[in-house]
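The next block holds one structure in the form of structure tokens; read it before the comments.
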Amino acid sequence: MPRARVQAEAFDAGIEIAALGEGRRDVGAVATFIGYVRDRNDGTGVSRMTLEHYPGMTERALEDICDEALGRWDLLDLRVVHRVGVLEPGDPIVLVAVSSAHRGEAFAACEFVMDYLKTQAPFWKKEETSEGSRWVDARSSDDDAAARWEAGKAP
Amino acid sequence: MPRARVQAEAFDAGIEIAALGEGRRDVGAVATFIGYVRDRNDGTGVSRMTLEHYPGMTERALEDICDEALGRWDLLDLRVVHRVGVLEPGDPIVLVAVSSAHRGEAFAACEFVMDYLKTQAPFWKKEETSEGSRWVDARSSDDDAAARWEAGKAP
Amino acid sequence: MKLTLLYFASLRERLECPMERVEMTVPTENVAGIVAQLRRRGGIWDEAFAPGRAWRISVNQRMGTLDSPVAEGDEIAFFPPVTGG
Amino acid sequence: MKLTLLYFASLRERLECPMERVEMTVPTENVAGIVAQLRRRGGIWDEAFAPGRAWRISVNQRMGTLDSPVAEGDEIAFFPPVTGG
């Protein structure tokens, strides 16, 4: 199973996490993040969401982010799964799971991968709301979150 | 199901995570940490581990840590499960899962709960190694990690 | 110089174009030259790529800038800031 | 003043005592008074609770210190620094 995947199907967090520990006894820590579709965004009700992506570049961008994380921290393994297509409130969108010997590395790398994915991986969300459909605007808070990891600014 | 549990049985990460989103559509983020028994510690092979705890105080300490996290961040829910008894390398020991609308809060609170649990919850590990059995020493790095969250020092 | 151009999300909808193969009519060393040629189409193309608009660039599936060099056969994509995750 | 004393992990093994009910023989306002009485038992008890030893205290199942007040019926526990998680 590739460590970075883009898929329409739902994923199973338990299976993804278990895969990191499969057959190994040196894993001390797994940090996992899962993002979900919420039924509200910027004060408006959201009934549905469509995730567009750039096939080919998406997988490459996710792989690059994984490589960057592996270069920065002492990790054992990691997984990124991102869904595309039509999703509804409550549906999981993205999973990042990172294994390492100790928890500090796993937490930092997991948050780093999410922050970079949010600004570097070519996915776009279009929401259906009571007022029609709209493309979600990028948030400057996501740029700020990604900028924290630049040289000399690591949290 | 209480949000903090101490048990001998294994837990299922997928079920714990799913419970946080059950029937709700306002969850945007779930950060999860799982700690495992490693087959090495401080350079020595570990064949088995026994987790002792202080029944009564443990549950109370975990509840107190959950309350503290809920007071510090805008969270939706959280779960802490910690195992006791005899465990083997590869076995999961502890799970912390935190849900919130946005990822920053979920990550911070999940790491906070682990850092506090490591210094405040009455569990003790005894390892069986090739050189006999030994009580695990507390790490000063865990004190440092917990101290990061004191007033005025939040990361 | 022949190039493949891709457009995504709101930019794709606005331009009503997901993909096209173009021949550069003037010598071009970087992405800025492509953008200049697209703007010369006028109308919505001129507007969409006007300076100050928030769009991003990739060259051969890696993030780029207006200064990124381009060569025969390259795949250049234009899209709004990403919003996945 | 009657108290319940608990000992855990390496301290429990060393003292060979998981739990005991004690009657304080002198008036005691805080945990320090209990520790003084335990040390007067001599031998391993005096050693285990010597100043500088890394042990922790809880009073009625909440973390405490040598200064924590104690009262009739309290449950006081002594243990090494915790190592769960």
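Below, all heavy atoms of this structure are taken into account, side chains as well, without hydrogens, waters or symmetry copies. In what follows, chains are A, B, ... by sequence order, proteins preceding strands, each numbered from 1.
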Would you give the length of the straight line joining atom OG of C:Ser58 to atom CZ of A:Arg60, rounded to the nearest 0.5 angstrom?
10.0 Å
Segment of A:Asp64 engaging chain C (4.5 angstrom heavy-atom cut-off)
side chain
Heavy atoms from other residues, nucleotides or ligands near CD of C:Glu23 exceed 12 (cutoff 6.0 Å)
yes
Looking at A:Arg48, I'd like to know if its CZ atom is crowded, meaning that more than 12 non-hydrogen atoms belonging to other residues, nucleotides or ligands lie closer than 6.0 Å.
no
Note, C:Glu75 side chain near A:Met57 side chain (heavy atom, < 4.5 Å)
no
Please determine whether the number of non-hydrogen atoms from other residues, nucleotides or ligands lying under 6.0 Å from atom CD of C:Glu29 exceeds 12.
no
Check the orientation of C:Phe79 and A:Tyr54. Use parallel for under 30°, tilted for 30 to 60°, and perpendicular for over 60°.
perpendicular
Looking only at heavy atoms, what is the nearest atom pair of A:Asp137 and C:Thr83, with distance?
C-CG2, 3.8 Å
Can you tell me which portion of A:Lys118 sits under 4.5 Å from chain C's heavy atoms? Options are side chain, backbone, both or neither.
both
Taking C:Pro80's backbone N and O only, do any of them form a donor-acceptor pair with A:Trp124's side chain (distance below 3.5 Å, no angle check)?
yes
Of all heavy-atom pairs between A:His53 and C:Phe8, which one has the smallest distance, and what is that distance?
O-CE2, 3.5 Å
Check whether any side-chain heavy atom of C:Gln61 sits under 4.5 Å from a side-chain heavy atom of A:Glu59, and report yes or no.
no
Quick one: what part of A:Ala61 sits under 4.5 Å from any heavy atom of chain C, side chain, backbone, both or neither?
neither
Between A:Ala138 and C:Val82 the two heavy atoms that sit nearest each other are CB-O, 4.0 Å
Option in A:His82, A:Lys125, A:Met114 with maximal non-hydrogen atom pairs under 4.5 Å from chain C:
A:Lys125
C:Arg62 and A:Gln120, any side-chain heavy atoms less than 4.5 Å apart:
no
Find the distance between CZ (C:Arg12) and CD (A:Glu52) and round it off to the nearest 0.5 Å.
4.0 Å
